[in-house]
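This report refers to the structure that appears directly beneath it.
A, B, ... follow the sequence lines: proteins, then strands. Residue 1 opens every chain. What you see is a predicted model, and the numbers here were worked out from it, not measured in a lab.
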Amino acid sequence: MLVHLINGISLGSIYAIIALGYTMVYGIAKMLNFAHGDVIMIGGYVAFFAMSEGAGLPAPLALLLAIIVCTILGITIERLAYKPLRSATSLAVLITAIGMSYFLQNSALLLWGANPKAFPDMFKNAEAIEFFGAKISPVALVAIFANIVIMVILTLFTTRTKVGKAMRAVSEDKGAATLMGINVNFTISLTFAIGSGLAAVAGVLLCSAYPTLMPTTGSLPGIKAFTAAVFGGIGSIPGAMIGGILLGVIEILARAYISSELADAIVFGVLIVVLIFRPTGLLGKQIHEKV
Amino acid sequence: MKKFSKASTASKKAFLNYGIVIAFFVIFQSLVSTGNITSALKGQLIPIACYMIMAVSLNLVVGISGELSLGHAGFMSVGAFTAVIVSSAMAGSSDKGSLIVSIIVGALIAAIAGFLIGIPVLRLNGDYLAIVTLAFGEIIKNILNCLYVGIDEKGVHFAFNNPAALAMSAEGKVIINGPMGAVGIRKISTFAAAIILLLIILIIIQNLVNSRTGRAIMAIRDNRIAAESMGLSPMKYKMLAFTVSAAMAGAAGAVYALNYSTLVPKKFDFNTSILVLVFVVLGGIGNMTGSLLAAGVLVVLPELLRKFSDYRMLVYAIVLILVMLVTNNEKLKGKIDTFFKKLRMKISKGGRK
């Protein structure tokens, strides 16, 4: 039971890190960035090739490289595909994001082939740790630790720094933020950069925990993390964390005790039940309609 | 007087749709009978008609009712697997009879699924509604992945998540085998049947949209609060559109399934829902003619690009992004317009010289 719980929290931490990318972008640009899951996959591939025999970089450098590549990728995607559609309908932006997701997946397919790659074990030397009689893999611990660190830094960033406050202001009211002298375009780009950098971290963690890497690796975790973001209340940073962890725990427990075939159905079922009773997610803000 | 002219433009549009469908049928049927068609394209004819039905039925939800649904393929799969079971159970009957009954039962079961799913879904708004339809699409796929159905002389046996529970006699055969999907499906769909179904569905949509009910649905889409204060029940009308659309998707799924000998639940995943949504958006939201054309062109396009097999999905993605950018960005639109104007002027000047 304890093992499943901790594995669940670890998987949930990875979901939470991905969900942060969704939730921040949604909060600020009011768009569902469907390409986010594929940025995760790109991050995984970059780290994979950095650590492969040709390059042979140590794991921390590979992670750093993945973060840099994904951040640049995120900003480029935003500039090329989403920025021109800032005033378009949300459906148009959604379809563009889906197109971008197809584009990234098929580029990866062409560049690196459809065969799954075995992601190298980053923690070869570390041993599983005993915790009240339960064996816990080092990846699980690193994921949980990374999630906590990221969450603390992001919370401090959005509440204490000027840029972070600008970010919150833009997500609250774009027009008013512009009037207050905030550079809205820069703020949105920055959000994409942070989200994509986090996607790289999540990609490396995900591939370390489940070491098969394919062009479609990012899609299902992407959808689930997105569900986690909605679950916690989209647009809310603590919501993404709670949603992600709950989702991970539910998934692992369902897989262990009910049925591995039905685990995904149970995860989505819980989401639906939560949304029926709290239509804006666990920590989402209730928006009152004005006539 | 005004009312009459309005009605006539609406019916003109409807006849344009019927005309397109009939022309599509006549052209391709004559190509098939004269043997002037590649076998790959011939095999795509029924799926094209099915995707056209999917596109117009999703357009009813997205365009007319104004709700973004990301799980439309789920209803298609409900119809598809229902039709597989019904047609196998009717193994002794004629092909035509089995096909008609399969389509009707498939549509009915999909409508029931649509109604049940609509109860929680339609309470939500906007992006939340979209994500819940996505979730239901995935749930349907997962449940079908656990479904085992067998048939023997005693009748149809069902089992869930445990193939051993089928408890069939020695002569029985398994028709739906969990994640392996349906096997040994009766291939009884015909192109003509698919086209007739498409025409019937277009007539239903046309009459629904131009009725009192249709106007109520659109009024709720345009301003829910105003419509509510006029005494319209949003839940009732949204549910109506959602259920009808689900039934149509179920019918499309039935025809689609009975065109193949094997079928896996994975065929109707999130990507299929998105594919149909792309038809609707590229064809123009709320525009049935656009949906028909977009579905036709976009199903055939990857086939035509088969020469560049490795690059075709990449090209598809780029085309999708570019079309969205060009049609939705004012600046880009303006630039392209002026470019064409200049081009035209240059051509006309060149002609004068």
Report task. Count the heavy-atom pairs under 4.5 Å between each of Thr327(B), Leu322(B), Ile274(B) and chain A, then report the option with the highest count. Result -> Ile274(B)

Requested in this report: Heavy-atom distances under 4.5 Å only: say whether Leu129(B) touches chain A with side chain, backbone, both or neither.
Outcome: neither

Query raised in the report: Do the rings of Phe226(A) and Tyr22(A) sit parallel, tilted or perpendicular, given the 30° and 60° boundaries?
Result: tilted

Report task. Mind telling me whether Phe49(A) and Trp112(A) have parallel, tilted or perpendicular rings, with 30° and 60° as the class edges? Result -> tilted

Query raised in the report: Centroid-to-centroid, Phe270(B) to Phe34(A), below 6.0 Å?
Result: yes

Report summary line: Whatever's closer than 4.5 Å to a heavy atom in chain A on Val121(B) counts as neither

Query raised in the report: If you count heavy-atom pairs under 4.5 Å between each of Leu325(B), Asn145(B), Ile285(B), Asn223(B) and chain A, which one has the most?
Result: Leu325(B)

**Report entry** Leu94(A), part contacting chain B, at a heavy-atom distance under 4.5 Å
**Finding:** side chain

Query raised in the report: Can we say Arg168(A) and Glu172(A) salt-bridge, meaning some charged N sits less than 4.0 Å from an Asp/Glu carboxylate O?
Result: no

Query - Interface residue of largest heavy-atom contact number with chain A, from Val323(B), Leu124(B), Ile131(B), under 4.5 Å - result: Ile131(B)

Query raised in the report: So which of Val62(B), Val278(B), Ile139(B) has the largest heavy-atom pair count under 4.5 angstrom toward chain A?
Result: Ile139(B)

Requested in this report: Specify whether Phe75(B) and Phe242(B) have parallel, tilted or perpendicular ring planes, treating 30° as the upper limit for parallel and 60° as the lower limit for perpendicular.
Outcome: perpendicular

Requested in this report: Give, as side chain, backbone, both or neither, the part of Leu70(B) having an atom under 4.5 angstrom from any heavy atom of chain A.
Outcome: side chain

**Report entry** Proximal component of Ile95(A), with respect to chain B [non-hydrogen, under 4.5 Å]
**Finding:** both

Query raised in the report: Is chain B contacted by the side chain of Leu104(A), its backbone, both, or neither, given a heavy-atom distance below 4.5 Å?
Result: neither

Query raised in the report: At a heavy-atom separation under 4.5 Å, does Leu134(B) approach chain A through its side chain, its backbone, both, or neither?
Result: side chain

Query raised in the report: If you measure from CE on Met239(B) to CD1 on Ile117(B), what distance do you get to the nearest 0.5 Å?
Result: 10.5 Å

Query raised in the report: Can Asp264(A) and Lys224(A) be counted as an ion pair, charged N to O under 4.0 angstrom?
Result: yes

Query raised in the report: By a 4.5 Å heavy-atom criterion (distance strictly below it), what part of Leu32(A) contacts chain B: side chain, backbone, both, or neither?
Result: side chain

Query raised in the report: Between Asn33(A), Ile28(A), Thr71(A), Ile77(A), which is the residue that forms a side-chain contact (heavy atoms from CB on, under 4.5 Å) with Phe192(A)?
Result: Asn33(A)

